[in-house]
Amino acid sequence: MKKVEAMTVVSQRTIANNIYECSLKGDLVSVMNEPGQFVHLKVTDGIEPTLRRPISICSVDTNERTFTMVYRVEGIGTKKLSHKLPGERVNVLGPLGHGFPMEELKSESHCLLVGGGIGVPPLYELAKQLTSKGHSVTAVLGFRSKEDVFYEREFSRLGPTFVATEDGSYGEMGFVTDVIGAKQLTGDCYYACGPRPMLKAIESNMPIPGFLSLEERMGCGIGACLACVCDMKNEAGYRKVCSDGPVFKAGEVVV
Amino acid sequence: MKKVEAMTVVSQRTIANNIYECSLKGDLVSVMNEPGQFVHLKVTDGIEPTLRRPISICSVDTNERTFTMVYRVEGIGTKKLSHKLPGERVNVLGPLGHGFPMEELKSESHCLLVGGGIGVPPLYELAKQLTSKGHSVTAVLGFRSKEDVFYEREFSRLGPTFVATEDGSYGEMGFVTDVIGAKQLTGDCYYACGPRPMLKAIESNMPIPGFLSLEERMGCGIGACLACVCDMKNEAGYRKVCSDGPVFKAGEVVV
Amino acid sequence: MKMNVSLPGLDLKNPIMPASGCFGFGKEYSEFYDLSKLGAICVKAVSPLMKRGNPTPRVAETPGGMLNAIGLQNPGLESVMENELPWLERFDVPIIVNIAGNTIEEYMDVARVVSKAPNVKAVELNISCPNVKEGGIAFGTDPYIAKELTARVKDVCHVPVYVKLSPNVTDIVTIAKAVEEGGADGLSMINTLLGMRLDLKTGKPILANETGGLSGSAIKPVAVRMIYTVSQQVSIPIIGMGGVTNADDALELILAGASAVAVGTQNFVDPFACPTIIEELEEKLKDYHVDHIGELTGRSWRPSLQPLTTR
Amino acid sequence: MKMNVSLPGLDLKNPIMPASGCFGFGKEYSEFYDLSKLGAICVKAVSPLMKRGNPTPRVAETPGGMLNAIGLQNPGLESVMENELPWLERFDVPIIVNIAGNTIEEYMDVARVVSKAPNVKAVELNISCPNVKEGGIAFGTDPYIAKELTARVKDVCHVPVYVKLSPNVTDIVTIAKAVEEGGADGLSMINTLLGMRLDLKTGKPILANETGGLSGSAIKPVAVRMIYTVSQQVSIPIIGMGGVTNADDALELILAGASAVAVGTQNFVDPFACPTIIEELEEKLKDYHVDHIGELTGRSWRPSLQPLTTR
Ligand SMILES: Cc1cc2nc3c(=O)[nH]c(=O)nc-3n(C[C@H](O)[C@H](O)[C@H](O)COP(=O)(O)OP(=O)(O)OC[C@H]3O[C@@H](n4cnc5c(N)ncnc54)[C@H](O)[C@@H]3O)c2cc1C
Ligand SMILES: Cc1cc2nc3c(=O)[nH]c(=O)nc-3n(C[C@H](O)[C@H](O)[C@H](O)COP(=O)(O)OP(=O)(O)OC[C@H]3O[C@@H](n4cnc5c(N)ncnc54)[C@H](O)[C@@H]3O)c2cc1C
Ligand SMILES: Cc1cc2nc3c(=O)[nH]c(=O)nc-3n(C[C@H](O)[C@H](O)[C@H](O)COP(=O)(O)O)c2cc1C
Ligand SMILES: Cc1cc2nc3c(=O)[nH]c(=O)nc-3n(C[C@H](O)[C@H](O)[C@H](O)COP(=O)(O)O)c2cc1C
Ligand code: FES
Ligand code: FES
């Protein structure tokens with residue numbers, strides 16, 4: 001049976017402009033094994049805010065029974081989350097959804113990881129697992145501006161890492177797709193997570209197979225409320241981002 | 001011009017079953033000089049709960065710029081208040097209303113103070129001010145049960161103090177009116193605060209002049225919304241508990 | 001046995017059930033607890049043919065509540081009969097099928113068929129969905145149509161018929177009485193209030209459908225007053241819903257006049273909402289002077305000489 | 001001068017005013033700040049004779065909001081003319097008098113008289129109070145009566161007439177159009193939603209009046225959707241209200257279609273609510289591509305080629 005757990009905050013810090021990194025400890029970590037899955041968080045008792053908030057799992061430390069999230073403070077939910085201090089509890093439903101599949105990779109594949117903004121975090125656990133399985137990774141991370149950049153160092157440790165900023169204040173100027181084009185980056189497959197326009201551009205430009213992680217406003221997070229559906233490309237049906245995704249094979253759904 | 005202030009919690013402790021004593025520090029203390037006035041508290045940012053909560057001023061320390069409240073945890077508002085730790089802020093509107101009048105007392109008057117449950121706190125600052133002005137006080141404090149009793153020692157320091165409990169588990173068994181009758185307590189006047197039935201009984205039984213402090217569900221707390229009106233006894237008009245009261249001369253309004 | 005409730009067609013172990021649209025067809029929540037614990041399950045609206053629903057975003061949050069504009073997406077009658085209802089047979093729990101249609105005939109078509117499924121013990125006519133262009137709410141705002149619809153569905157339906165009322169009306173009592181006259185066996189109330197949110201950056205509605213249905217704590221006082229008013233005017237039982245998050249909220253709806261209570265939005269907040277409320281409710285009942293929860297229904301207006309609580 | 005708004009009868013320094021019933025006749029709040037800062041002041045409902053209102057308790061809290069059943073208590077026309085309105089003359093601020101009556105004649109009587117007071121620049125007909133037995137809400141649910149009332153008051157009133165609509169109706173557009181046809185110069189919307197709370201210990205309603213009017217954050221999505229819908233169907237301006245607690249909420253109502261915004265419940269939460277919102281709003285305007293706040297009215301549905309915000 002699935003569970004929810006009041007997990008304990010073990011660390012909380014700012015790592016970029018409005019970007020926080022927070023680690024939680026608890027039993028649910030033992031079942032967090034697919035990179036790209038997310039948790040659905042209740043950041044407060046009571047009704048303000050009412051709904052849970054979906055946040056990706058950024059990295060997992062099974063030994064310590066902790067996992068880490070990286071999130072941007074947007075509105076009331078993420079703001080309240082950012083106020084949680086070590087020792088306080090956060091109610092966690094998860095891990096939810098289907099993550100980035102790695103089973104079908106040939107051994108020693110080379111994977112291109114493309115992340116934009118708060119789409120970067122789930123790629124980090126993916127990068128760790130890919131490299132530990134003997135694959136190699138190249139990361140292309142896009143941000144708005146210099147002060148928004150995070151986790152460049154972490155990714156660099158796992159493979160070549162390129163950073164793009166929209167205003168050119170750090171790394172390459174432009175979008176991730178510009179960098180990919182300019183540096184002619186490629187691989188056996190790609191994994192991408194970020195804003196819709198980025199995913200659209202990647203999907204239509206990349207000649208190699210790939211996987212896209214989608215975002216959608218959610219209610220239940222578990223597939224029951226039908227808030228988060230997206231259309232399939234080639235059939236009449238639909239997919240739920242929360243339970244069928246958030247990761248889909250490029251070409252499967254309408255981005 | 002009146003102000004609101006984010007005052008700082010300097011202490012918070014349990015003093016009886018579900019009863020908390022909390023002191024706040026700030027500039028508003030300088031204008032808290034009428035015993036029987038109350039403050040209207042916003043215990044949280046946001047909408048849960050939405051409204052302020054009225055709590056009596058129990059004692060004032062002008063030198064320390066602190067005042068103390070004693071309150072029972074009833075529902076969400078008082079519960080959230082009880083969770084505030086020293087250093088945290090509480091938004092205070094006040095002091096509000098009219099307190100217990102002392103100007104018309106002849107010198108060295110004897111005053112009977114009658115309090116029931118969470119009606120006891122405002123009488124404490126009153127007792128302090130009366131005795132410091134040279135009057136004498138006798139206090140009759142009623143509670144449900146032994147574990148609900150508070151401030152007996154504090155009142156004893158200022159004058160003879162009788163405690164009644166409904167179940168007889170402490171002090172005299174019965175209601176405050178029973179004690180007053182049994183001990184034939186009287187004085188030049190009385191001041192009473194507590195539940196409606198108690199106030200009614202006191203008003204109709206006491207042959208001496210007196211003052212009653214009323215409670216009513218409030219909106220604004222300042223006289224604008226007309227939530228808290230009570231009828232006058234002898235004329236067609238009405239009074240607002242928050243701004244004309246909470247203290248009324250016995251016989252002025254319908255209790 | 002303090003908690004069981006007997007309603008037309010429904011023998012409930014307890015008065016708590018998930019509300020339609022907030023529990024899918026049960027599969028997802030069955031991964032959290034044994035659905036046999038529930039008083040009943042009210043499944044997502046079923047229409048004759050598969051419905052794609054509205055474009056996304058379909059939900060937006062509001063103070064103390066949420067807006068949804070799912071638009072009655074569902075796999076359609078045939079698939080529900082073949083896949084969803086048989087799957088639910090593994091649980092010892094009565095199923096209520098919520099029905100949506102564009103025409104009276106469509107409601108009849110679905111009712112005729114689903115009411116033959118062995119575990120379907122009642123149907124609920126959704127005449128109050130604010131999120132579809134045709135049918136839905138139109139049926140719920142006109143007492144004549146509401147009555148006619150109820151009567152025609154009654155003719156073809158093999159199980160009792162509950163009609164789910166919209167709160168977006170001037171006079172809910174008239175509608176309630178009309179469907180009672182039409183032969184309804186019970187009422188469900190309330191569906192969502194019509195609401196809307198704007199994105200302050202773009203200035204546009206957050207929901208692709210523009211408006212949506214408001215649910216959650218924010219609407220509870222509206223539900224209480226409607227159940228209180230209607231329960232005094234009709235003699236058929238009411239399944240109450242609207243903003244129930246805990247046992248106290250459920251009690252409030254029951255005291256107002258509901259015989260059973262459905263939990264909607266709170267399932268999203270806490271997947272264990274229903275079983276938790278069932279446990280807490282049983283515990284709370286100890287504070288009340290009653291042998292049976294049914295005695296609390298409508299106690300806000302039903303005269304009684306006894307004090308309600310032991311405290 | 002980005003913030004001034006010109007409406008029939010009203011030259012507002014800014015679009016923010018306290019809502020009727022949530023500010024008395026201004027005296028209490030004048031002890032907190034200079035009332036001349038306000039766009040306007042809408043005073044408590046005035047009836048021909050003094051009204052005692054309902055028994056207490058008159059307020060109860062709900063999730064994200066509150067219920068009130070004040071019952072239009074007020075000192076009556078004469079006292080308002082003699083005491084309240086002259087006192088308000090010390091401030092440089094237009095006054096809107098909210099009018100309540102049991103009959104059309106009563107509305108007319110009050111309008112005829114108050115509209116002669118020098119600082120009264122508009123009246124607001126409260127045809128939507130849920131807390132009185134007669135008049136009040138009845139006028140607000142029947143489009144024919146609403147139109148008739150508006151027209152008759154227009155005949156005798158010396159200042160523009162705004163009509164305050166009830167949200168407790170099936171079809172608010174029909175009512176809005178009816179009062180527009182009746183000659184209304186503007187609309188105020190929304191009044192409170194009908195709601196209720198029960199005391200779980202006694203089982204009885206908390207409010208002595210049983211039901212009350214729901215206000216506060218909880219109702220904001222209902223206000224947004226009604227203003228959005230109505231503003232597209234009428235050509236008279238709308239004073240928007242319902243759940244405004246900060247400048248963002250005010251902006252949401254303006255984008256939905258309001259030309260000015262009234263703040264109700266939030267005055268109780270923060271006596272400085274109105275001046276604070278005025279300041280924040282002026283600050284926020286910098287993020288919008290507009291020279292004047294009026295350009296934001298109805299931008300949720302008004303076509304525009306420009307992006308709304310600079311961010
Ligand atoms: C599968 C998934 C994984 C995500 N992972 C991350 C992550 O690792 N780090 C991170 O910073 N953000 C992530 N997001 C986005 C994050 O959920 C939103 O930023 C967050 O919900 C905003 O909540 P808020 O209360 O701060 O903002 P508000 O604007 O107050 O939220 C209001 C409502 O809108 C919803 N909402 C707002 N923005 C989004 C969004 N982009 N996606 C989905 N719902 C939204 C909220 O959940 C809430 O219901 C993820 C979203 C999804 C769907
Ligand atoms: C002038 C005045 C002075 C008071 N002084 C004290 C004091 O010194 N110590 C103390 O413990 N209590 C005092 N009270 C009572 C106190 O205000 C309530 O216990 C408190 O508001 C309950 O809030 P809650 O959120 O905990 O309970 P809830 O039941 O959740 O409150 C719900 C709503 O009901 C109102 N309410 C509930 N009970 C009362 C009540 N008895 N009087 C007025 N409003 C109520 C709340 O303010 C709130 O709006 C005083 C009340 C008044 C009017
Ligand atoms: C996401 C969502 C989907 C819903 N779908 C339906 C539906 O298909 N049929 C229906 O009758 N009601 C539907 N409802 C309304 C609920 O059944 C319920 O009446 C309403 O949400 C109020 O209860 P709550 O406040 O507990 O959520 C839906 C509500 C939500 C939030
Ligand atoms: C205590 C109280 C008294 C009110 N009295 C009146 C009134 O006399 N006349 C009126 O038209 N509206 C009255 N209202 C309704 C408000 O003017 C406003 O329409 C409603 O509260 C919604 O706004 P809010 O959510 O900002 O409070 C009253 C509201 C409250 C809370
Ligand atoms: S969020 Fe409920 S189905 Fe995906
Ligand atoms: S609480 Fe508003 S007038 Fe007393």
Side-chain angles (χ1 to χ4, degrees), chain B residues 1-6 31 39-54 74-78 80 91-97 196 214-232 235-245 253-255, chain D residues 18-19 21-34 43-45 50-75 200 206-208 212 214-218 220 243 245-246 264-273 276:
Chain B
M1 287 276 165
K2 285 193 187 164
K3 294 205 168 71
V4 296
E5 184 181 5
V31 287
V39 289
H40 214 27
L41 303 178
K42 181 80 181 133
V43 298
T44 171
D45 292 342
I47 61 167
E48 199 179 17
T50 297
L51 294 175
R52 288 175 180 270
R53 295 293 188 266
E74 284 284 332
I76 183 170
T78 45
K80 289 211 171 174
N91 188 294
V92 179
L93 165 60
L96 298 177
R196 289 268 163 143
L214 266 57
E215 274 186 18
E216 190 50 77
R217 286 192 181 238
M218 293 184 175
C220 65
I222 60 170
C225 75
L226 304 182
C228 67
V229 298
C230 54
D231 287 327
M232 306 204 39
E235 332 163 18
Y238 60 89
R239 288 281 179 271
K240 301 177 221 169
V241 171
C242 68
S243 53
D244 299 318
V253 297
V254 181
V255 177
Chain D
C22 303
F23 208 73
F25 291 88
K27 274 209 187 83
E28 293 79 14
Y29 289 92
S30 75
E31 295 180 30
F32 290 88
Y33 59 88
D34 177 2
V43 299
K44 177 74 190 161
M50 187 256 214
K51 249 182 131 81
R52 295 183 68 89
N54 291 319
T56 57
R58 291 177 169 186
V59 295
E61 220 173 3
T62 70
M66 64 174 279
L67 295 169
N68 89 79
I70 307 296
L72 299 179
Q73 172 169 349
N74 78 90
L200 293 182
I206 290 181
L207 297 176
L214 182 63
S215 64
S217 299
K220 194 185 63 171
T245 65
N246 57 33
T265 305
Q266 188 65 13
N267 291 292
F268 310 154
V269 179
D270 176 9
F272 295 97
T276 306

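Chain letters run A, B, ... following the sequence lines, proteins first and then strands; every chain starts at 1. In this text, all values refer to a predicted model and were calculated from it rather than measured experimentally.
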Which bit of [X] comes within less than 4.5 Å of chain B, counting heavy atoms only: side chain, backbone, both or neither?
X	result
D/Phe23	backbone
D/Thr245	neither
D/Pro57	both
D/Phe272	side chain

Quiz item: Passes salt bridge (charged side-chain N to carboxylate O under 4.0 Å, His left out), D/Glu61 versus B/Arg53? Steps please.
Solution: CA-CA 11 Å; D/Glu61 220 173 3; B/Arg53 295 293 188 266; 2.5 Å; yes
Identify the heavy atoms of [X] and [Y] that sit nearest to each other, and give their distance.
X	Y	value
B/Val4	D/Pro271	CG1-CG, 3.8 Å
D/Val59	B/Ala227	CG1-CB, 3.5 Å
B/Thr50	D/Val269	O-CG2, 3.4 Å

Quiz prompt | Verdict with reasoning, D/Glu28 to B/Lys2, per salt bridge (charged side-chain N to carboxylate O under 4.0 Å, His left out) | solution = CA-CA 10 Å; D/Glu28 293 79 14; B/Lys2 285 193 187 164; over 6 Å; no
Quiz item: Relative to chain B, which of D/Asp34, D/Ile206, D/Asn267, D/Thr62 shows the most heavy atom pairs under 4.5 Å?
Solution: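 Option with the greatest count: D/Ile206.
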Quiz item: Given the options D/Gly26, D/Ser217, D/Ala218, D/Gly64, which has more heavy-atom pairs under 4.5 Å with chain B than any of the others?
Solution: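 When all of D/Gly26, D/Ser217, D/Ala218, D/Gly64 are compared, D/Gly64 has the most.
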Quiz prompt | Residues in residues 216-223 of chain B near chain D [non-hydrogen atoms, under 4.5 Å] | solution =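 B/Glu216, B/Arg217, B/Met218, B/Gly219, B/Cys220, B/Ile222, B/Gly223, listed by number.
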Self-check item: For D/Phe268, all residues meeting ring-ring contact (aromatic ring centres under 6.0 Å, His included), sequence neighbours excluded
Solution: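 With sequence neighbours excluded, D/Phe268 shows a ring-ring contact (aromatic ring centres under 6.0 Å, His included) to no residue whatsoever.
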Practice problem: State which residues pass salt bridge (Lys or Arg N to Asp or Glu O under 4.0 Å) with B/Glu215; sequence neighbours excluded, sorted by chain then number. | Solution: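 Scan of B/Glu215 (salt bridge (Lys or Arg N to Asp or Glu O under 4.0 Å), adjacent residues dropped) gives none.
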Quiz prompt | Structural part of B/Leu226 lying under 4.5 Å from a heavy atom of chain D | solution =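 The answer is both parts of B/Leu226.
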Quiz item: Got more than 12 heavy atoms from elsewhere within 6.0 Å of NZ, B/Lys80?
Solution: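 Yes, the 6.0 Å shell around NZ holds more than 12 heavy atoms from other groups.
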Quiz item: So, do D/Arg58 and B/Val229 sit near enough that their side-chain heavy atoms are less than 4.5 Å apart?
Solution: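 A side-chain contact exists here, since the closest heavy-atom pair is under 4.5 Å.
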Quiz item: Is there side-chain contact between D/Phe32 and B/Lys3, with heavy atoms separated by less than 4.5 Å?
Solution: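 They are not in side-chain contact.
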Self-check item: D/Asn74: partners by side-chain hydrogen bond (donor to acceptor under 3.5 Å, both in side chains), with sequence neighbours left out
Solution: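 Partners of D/Asn74 under the side-chain hydrogen bond (donor to acceptor under 3.5 Å, both in side chains) test: D/Ser47.
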Quiz item: Under 4.0 Å between a Lys/Arg side-chain N and an Asp/Glu carboxylate O for D/Arg52 and B/Asp231?
Solution: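 A salt bridge is present here (some side-chain N lies under 4.0 Å from a carboxylate O).
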Quiz item: Atom CD1 in B/Ile47, atom OG1 in D/Thr265: separation rounded to 0.5 Å?
Solution: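 Rounded to the nearest 0.5 Å, the CD1-OG1 separation comes out at 12.0 Å.
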